[in-house]
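A quick write-up on the structure given underneath.
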Amino acid sequence: MNLEEKIIGDITGEFVIEAYQRGYRWSKDEIEHLLNDIDEIPDGQSYCLQPIVVKNNNGVYELIDGQQRLTTLYLIMKYLSFYQNLKYSIEYTTRKSENGHIGSKDLLENINVVDLNSPSSNIDELFIKKAYGIISNWFNNENSKKNSFYYKLQELVTVIWYEVDSEEDSVSIFTRLNIGKISLTNAELVKALFLSKGKKDDQGVYAGNPYGIDDKKQHEIALQWDAMEKSLHDNKFWAFITNEKKESYPIRMELFFDIMENKPADECSFYTFNRFYDRFKISTNRTESWETIVRYYQQLWEWYKDFSLYHQIGYLVTIGYSIKDLLDIAMNKDNPVKKSEFKEEILKKIRQSVKFEDLDYADLSYEHHSYFIHILLLLFNVETIRQKGDEDNRFPFERYKNEGTWSLEHIHAQNSENLKTNREWRDWLVLHKRSLKSLIKTHEENSSEYQSVLIIINKIDSIISHIDDTKYKGSIRDEFSAIAPEVVNKLSDGNDKIQMHSLSNMALLTVDENAALNNSTFDVKRSKILDMDRNGDYIPTCTKNVFMKYYSSSDTKLHFWSEEDRKSYIEAMNDVLYRHKDTSGNEIKLIKEEIHYGNK
């Protein structure tokens, strides 16, 4: 295996494209995309194209991957008169000159004098002639454009030249790269830099590794690579260090290299490889880069195994902090920090994350500050688990990031005005009838409260029958609007409207498409939580505690989310985020001030 970067103008040799590949098929879109990309390269800035994968068979290169691109580049250079004597040739083995028909090699070499409108003897000839016409039209015979393009091909545009060993099976490599379009990744290319053996001489012996890494060290690197790749397939470790979906990284080491290089989201596909390659070219110690990789990995693994740092760093990553920034702080050789100093720096970042400018926590509103409340409740959940210190019970970042879309939900909702359809009204009535039937069992059968709940249940049954009757001519909207306040009133405890959108009535739940459930009262949602729990669905610890009345006094009413419950909920947040003491008895304040219930 050999890996290097080549200027387009320096590509030389004979290339053959074997029968297992399809012929030339690029259309106007692909050709003009390539032309525009090269044309828009800023002066003096290099531009790297996708890899070219080849195998050297006795001096002739079998072109395994990149044939569409290399053929198009050939046609472009053929159009530019500066390249009349190209340094490389291309031949499709299924399109040789025979029976009076021009072969692919002759066609390409003479494309500038071929009649593009003449009949084509095969589909490849047709596409090649069309491609040359598209290129000609794009340049529009503008000499300044041609001169600029020539300069860029000679000086700025490169390909990643990936030469596999002659013993490797070309068809299996082609299949892996093209079936499903699984192209070479940055990780594979970086790995090739470390494990490249150089080129073979005429006797088939490797002429020396251009990067100066001996066989023993390469074997060690290969083993370490496999171990790191395996650990990155641990979904818990993966979710600790990133918010990226694992499906985006078939080779998990790709993410690790992207992290190390701080790859911007809008950068080109091979940004990470190019950064590594640039350092390799000027480095006098090529193993140093690998040793840095190992140190970074070991640091991440050490944090992952540390119970407290797992939760604190995991929280910061989840809300968007860069794991690379944290690594740079911990591993800064110019300004080394002690572990105690690093942990204090983590605490500073956590405090900063919930500072929320000059807002008082009691003023946070679902309508205006939903993001802030979400962050605060996430920290409350993470810290609740961390402070218990049970090594066997960690916050499951992998479940939080992968099981549903998390949002703020009202613990007790009173507004049913968002419901607009018969189906939504019916669902809401059915859900609340279940809670009312449970509530009625708490009253004496002949009591006035029992009778009033029973009347509401009977009204619900009547409205449901009207909804189910397709011939019913009455107004379901009016009937629902009349009964909904009565239902909410029975399932509410006191005047709690003033705190409806405050922190004391918010919890983290997965977004449910059921609008009726989202606009339901506490007891209905509590039943849903119980169902989710029985099904093994993930429910954040503090959300489960709310609906199980963990924070409330023993005599609180089970079916309601009362003012007493809300106050107890806020006090629990203060205990975790403001009054917590470490093992040495030192008070750890994560939030800037105590959370007050209601207006101060």
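Position 1 is the first residue of the sequence, and the numbers go up from there.
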Pair [X]-[Y], side-chain donor/acceptor within less than 3.5 Å:
X	Y	result
S435	H559	no
T541	N381	no
T242	Y249	no
H443	E449	no
S353	Y315	yes

Check your understanding: What pairs with F237 under ring pair (Phe, Tyr, Trp, His ring centres under 6.0 Å), at least two apart in sequence or on another chain?
Key ->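 Expected list: W301, Y304.
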Any non-hydrogen side-chain atom of [X] less than 4.5 Å from a side-chain atom of [Y]?
X	Y	result
E254	E244	no
I456	I483	yes
E345	V337	no
F547	I411	yes
R386	H580	yes

Practice item. With sequence neighbours left out, write down each residue that passes salt bridge (Lys or Arg N to Asp or Glu O under 4.0 Å) with R295, or none if nothing qualifies. Key: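 For R295, no residue satisfies salt bridge (Lys or Arg N to Asp or Glu O under 4.0 Å) once neighbours in sequence are set aside.
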Practice item. Please identify each residue that fulfils salt bridge (Lys or Arg N to Asp or Glu O under 4.0 Å) with K433, with sequence neighbours left out. Key: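 D461.
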Review point. More than 12 heavy atoms of other residues, nucleotides or ligands under 6.0 Å from CG of D582: is that the case?
Key: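 Yes, enclosed.
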Exercise for review: May I ask you to check whether over 12 heavy atoms, not counting those of K355, lie within 6.0 Å of atom NZ?
Suggested key: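 Result for NZ/K355: open.
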Check your understanding: Once the angle between the rings of W225 and F257 is folded into 0 to 90°, is it parallel (under 30°), tilted (30 to 60°) or perpendicular (over 60°)?
Key ->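 If you compare the ring of W225 with that of F257, the planes turn out tilted.
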Check your understanding: According to the interplanar angle, ranging from 0 to 90°, do the rings of Y538 and F395 count as parallel (below 30°), tilted (30 to 60°) or perpendicular (above 60°)?
Key ->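 Answer is perpendicular, since the angle exceeds 60°.
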Review point. Run the ring pair (Phe, Tyr, Trp, His ring centres under 6.0 Å) check on F307 and H311 step by step: do they pass?
Key: CA-CA 7 Å; F307 185 79; H311 288 90; 4.6 Å; yes
Taking only distance into account, with no hydrogens and no angle test, what donor-acceptor pairs under 3.5 Å do side-chain atoms of residues 366-374 form with protein atoms, sequence neighbours excluded?
| from | atom 1 | to | atom 2 | distance (Å) |
| --- | --- | --- | --- | --- |
| H369 | ND1 | S365 | N | 3.0 |
| H374 | NE2 | Y400 | OH | 2.8 |

Review point. Excluding sequence neighbours, so at least two apart, what forms side-chain contact (heavy atoms from CB on, under 4.5 Å) with K324?
Key: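 Scan of K324 (side-chain contact (heavy atoms from CB on, under 4.5 Å), adjacent residues dropped) gives I259, N262, Y296, S322, D328.
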Review point. Considering residues at least two apart in sequence or located in another chain, which fulfil the side-chain contact (heavy atoms from CB on, under 4.5 Å) criterion with K544?
Key: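 Result, side-chain contact (heavy atoms from CB on, under 4.5 Å) vs K544: D533, I539, M548.
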Check your understanding: Is the shortest side-chain N to carboxylate O distance from E344 to R351 below 4.0 Å?
Key ->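 Looking at R351 together with E344, the answer is yes, because their closest N to O distance falls below 4.0 Å.
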**Study point:** Rounded distance (nearest 0.5 Å) linking atom CZ of R566 with atom CE of M506
**Key:**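 Interatomic distance, R566 CZ to M506 CE, rounded to 0.5 Å: 11.0 Å.
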